[in-house]
There are 2 protein chains.
Amino acid sequence: MPRSGDVVPDATVERLPLYHQALVELARTGETTVSSVKLAELAGVNAAKVRKDLSFLGSYGTRGVGYDVDFLTIQVSRTLGLTGDSSVVIVGFGNLGQALAKYGGFADRGFPVVAIVDADPTKVGTAVKETDGVVVQHVDELAKIVRSQGVAVGVIATPAESAQSAADALVGAGVQSILSFAPVVLDIPETIPWRKVDLATELQILSFYQARSGSLQHPA
Amino acid sequence: MPRSGDVVPDATVERLPLYHQALVELARTGETTVSSVKLAELAGVNAAKVRKDLSFLGSYGTRGVGYDVDFLTIQVSRTLGLTGDSSVVIVGFGNLGQALAKYGGFADRGFPVVAIVDADPTKVGTAVKETDGVVVQHVDELAKIVRSQGVAVGVIATPAESAQSAADALVGAGVQSILSFAPVVLDIPETIPWRKVDLATELQILSFYQARSGSLQHPA
DNA sequence: CGGTGTGAATTCATTCACAGCG
DNA sequence: CGCTGTGAATGAATTCACACCG
């Protein structure tokens, strides 16, 4: 039985997907074992951090050798709760929503897009071939869709004005977590974890470090 | 002359765009002044953090009153280096690249997409109406494009395998910063700030907190 | 030896709490 | 009186450095 009693710090959680990716890549190239130094390099962090992070999951390394790639992959996956696929519904079929729907990266990593909804009746009925032919449905169908398809996460890709109502609809429909691309803070019950990603914000942050460069600073 | 001598902590820099957004929204609704409590609410952080963050930019508030919306907006913009537009080139016109090209959010916040390149000759020549009719060019033209159009930031939207060569090309072409959507760590000179955004990673992190919910944890 | 695992030391970020000013 | 600005206190994350083990 795995040690899941102790807490995993937030900063560690945010890095686990990096390790997960690196491990998948290592497995692909046939490596069976990996040191903290190598893993650190692949993940773009330093080795001490890797060892500390992994130690929160348990003592899964072998001294003098390193970590078993396959075994560690399983431990990281399990810690992240990546057991089986979690289906996704995209709310909003504007530019960004279409973009995300066509982007295959979600499905590739275990988050298949099984439904898309929009409030605009003229968009309803459109089929998206990239996501296995999913057809856009009306947002009023959301609760039914979530229940019948067992949707786990809702992705908000609406304009800022509609983001809160999209969130309310998703919460009402019973999704388990929410990823929002709208540049607003959402009011969501504490029981439902959610995150906000704002693409333009990333550029603004870069802008700061760019203004700094030539000096001594560098970002992440 | 503004106090730009003292350092602004990284954690603060990452929040400045949030305040910037909130301020723009306040200006739009006609507010002329704002307290740290109100700003905190709009940005989704707590008031103490807002005051501490803003204090790194200078003493721009008025005790007993709050901050002047317009004036503070300027200070935040200036700190972030958001003076005028910074043009963007997107490298990679696959699903994600097309997605980003059609997404209007970059231009709306001062980062117009002025060029798109791809290595695939069959994609060259495609026009994207959403970005003012920009036509996809071959990646070999990158250096020329960056120089002639004064491109400031490169966005990598290639598959993982091509991300490093895209980065090399961008660095060689002379861009000032790089935003990558490829799930790999890039080797980029320290003089050029860059960030990585991985959409699927966000879902994996959510997955963790989702597994936790019902208990006592909540994310951001 | 080589590399993990981890306490201890350090650095960084957040929060508190209140003096001081408009 | 209200709200900023900020030292001081707390807490979290990172880094160091080395004992320990395979």
Side-chain angles (χ1 to χ4, degrees), chain A residues 2-3 6-16 18-19 22-23 26 31-69 71-72 75-76 79 205 208-209 216-220, chain B residues 2-3 5-16 18-19 22-23 26 31-69 71-72 75-76 79 205 208 216-220:
Chain A
R3 312 269 298 86
D6 306 12
V7 288
V8 181
D10 286 1
T12 294
V13 172
E14 305 247 329
R15 282 187 295 266
L16 289 179
L18 266 45
Y19 305 146
L23 288 165
L26 284 164
E31 305 288 327
T32 66
T33 200
V34 65
S35 70
S36 60
V37 172
K38 176 79 180 176
L39 193 48
E41 187 183 311
L42 293 171
V45 303
N46 70 35
K49 213 177 275 186
V50 169
R51 290 201 298 278
K52 182 67 92 176
D53 283 342
L54 295 182
S55 78
F56 290 115
L57 313 194
S59 288
Y60 297 135
T62 306
R63 294 173 198 238
V65 179
Y67 304 87
D68 180 89
V69 171
F71 184 74
L72 187 58
Q75 301 312 320
V76 172
T79 305
I205 295 171
F208 175 89
Y209 289 110
L216 16 78
Q217 240 56 20
H218 60 115
Chain B
R3 309 273 298 89
D6 304 13
V7 288
V8 180
D10 287 0
T12 295
V13 172
E14 306 247 330
R15 282 187 296 265
L16 289 180
L18 266 46
Y19 304 146
L23 288 165
L26 284 165
E31 306 288 328
T32 66
T33 199
V34 65
S35 71
S36 60
V37 173
K38 176 78 180 178
L39 193 49
E41 186 183 311
L42 292 172
V45 302
N46 69 34
K49 214 178 275 186
V50 169
R51 289 201 300 277
K52 181 67 96 177
D53 283 342
L54 294 182
S55 78
F56 290 116
L57 313 194
S59 289
Y60 297 135
T62 306
R63 293 171 199 237
V65 179
Y67 304 87
D68 180 89
V69 171
F71 184 74
L72 188 58
Q75 301 312 320
V76 172
T79 305
I205 295 171
F208 175 90
L216 18 77
Q217 241 56 20
H218 59 117

Engineer: Send over the distance from R51(B) CZ to dG2(D) P, rounded to a whole Å.
Structural biologist: 15 Å
Engineer: Measure CG/D10(A) against P/dT14(C) and give the value in whole Å, please.
Structural biologist: 12 Å
Engineer: Nearest nucleotide by nearest heavy atom, which residue falls closer to the 5' end of DNA chain D, V65(A) or T12(A)?
Structural biologist: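 Per heavy-atom nearest nucleotide, the more 5' residue is T12(A).
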Engineer: Pick the closest DNA chain C nucleotide for S36(A) and for K49(B) by heavy atoms, then say which residue is nearer the 5' end.
Structural biologist: S36(A)
Engineer: Between F56(B) (CZ) and dT4(D) (P), how many Å, whole number?
Structural biologist: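 About 16 Å, once rounded to whole Å.
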Engineer: Any side-chain to backbone donor/acceptor pair from T62(A) onto V65(A)? Under 3.5 Å, distance only.
Structural biologist: no
Engineer: Check every atom of dT4(D), dA13(D), dG22(C) against the side chain of T62(B) and return the nucleotide holding the closest atom.
Structural biologist: dG22(C)
Engineer: Report yes if at least one side-chain N or O of R15(A) is closer than 4.0 Å to OP1 or OP2 of dT14(D); otherwise report no.
Structural biologist: yes
Engineer: Quick one: on DNA chain D, does A48(A) or G66(B) contact a more 5' nucleotide (nearest heavy atom)?
Structural biologist: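 By nearest-heavy-atom nucleotide position, the 5'-most residue is G66(B).
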Engineer: Please report, rounded to the nearest Å, how far the P atom of dA8(C) is from the NZ atom of K52(A).
Structural biologist: 11 Å
Engineer: Could you check whether the side chain of R63(B) and the base of dG2(D) have a donor-acceptor pair of N or O atoms closer than 3.5 Å, going by distance alone?
Structural biologist: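 In this structure, the two groups form no donor-acceptor pair.
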Engineer: With side-chain contact (heavy atoms from CB on, under 4.5 Å) as the test, pick out the partner of Y19(B) among L57(B), L72(B), V45(B).
Structural biologist: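 Answer after filtering L57(B), L72(B), V45(B): V45(B).
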Engineer: Is the F71(A)-Y60(A) ring centre distance short of 6.0 angstrom?
Structural biologist: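 Yes.
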Engineer: Return no unless some side-chain N or O of N46(A) is found under 4.0 Å from OP1 or OP2 of dT14(D).
Structural biologist: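 The answer is no; no side-chain N or O of N46(A) sits under 4.0 Å from OP1 or OP2.
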Engineer: Please confirm whether the backbone N or O of Q75(A) pairs with a side-chain atom of T79(A), one donor and one acceptor, at under 3.5 Å?
Structural biologist: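 Checking the backbone N and O of Q75(A) against the side chain of T79(A), a donor-acceptor pair under 3.5 Å is found.
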Engineer: Using atom CG of L54(B) as one end and atom C1' of dG5(D) as the other, report the distance to the nearest whole Å.
Structural biologist: 11 Å
Engineer: Specify the separation, in whole Å, of atom CG of L57(B) and atom P of dT6(D).
Structural biologist: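 After rounding, the reported distance stands at 12 Å.
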Engineer: Please tell me if Y67(B) has a side-chain N or O lying less than 4.0 Å from either OP1 or OP2 of dG5(D).
Structural biologist: yes
Engineer: Which atom names give the shortest non-hydrogen contact between G66(B) and T33(B), and what distance separates them?
Structural biologist: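 Taking G66(B) first and T33(B) second, the nearest heavy atoms are C-OG1, 4.3 Å.
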Engineer: Which whole-number value in Å describes the distance from E14(B) CD to dT14(C) P?
Structural biologist: 10 Å
Engineer: D53(B) CG to dA13(C) C1': how many Å, rounded?
Structural biologist: 10 Å
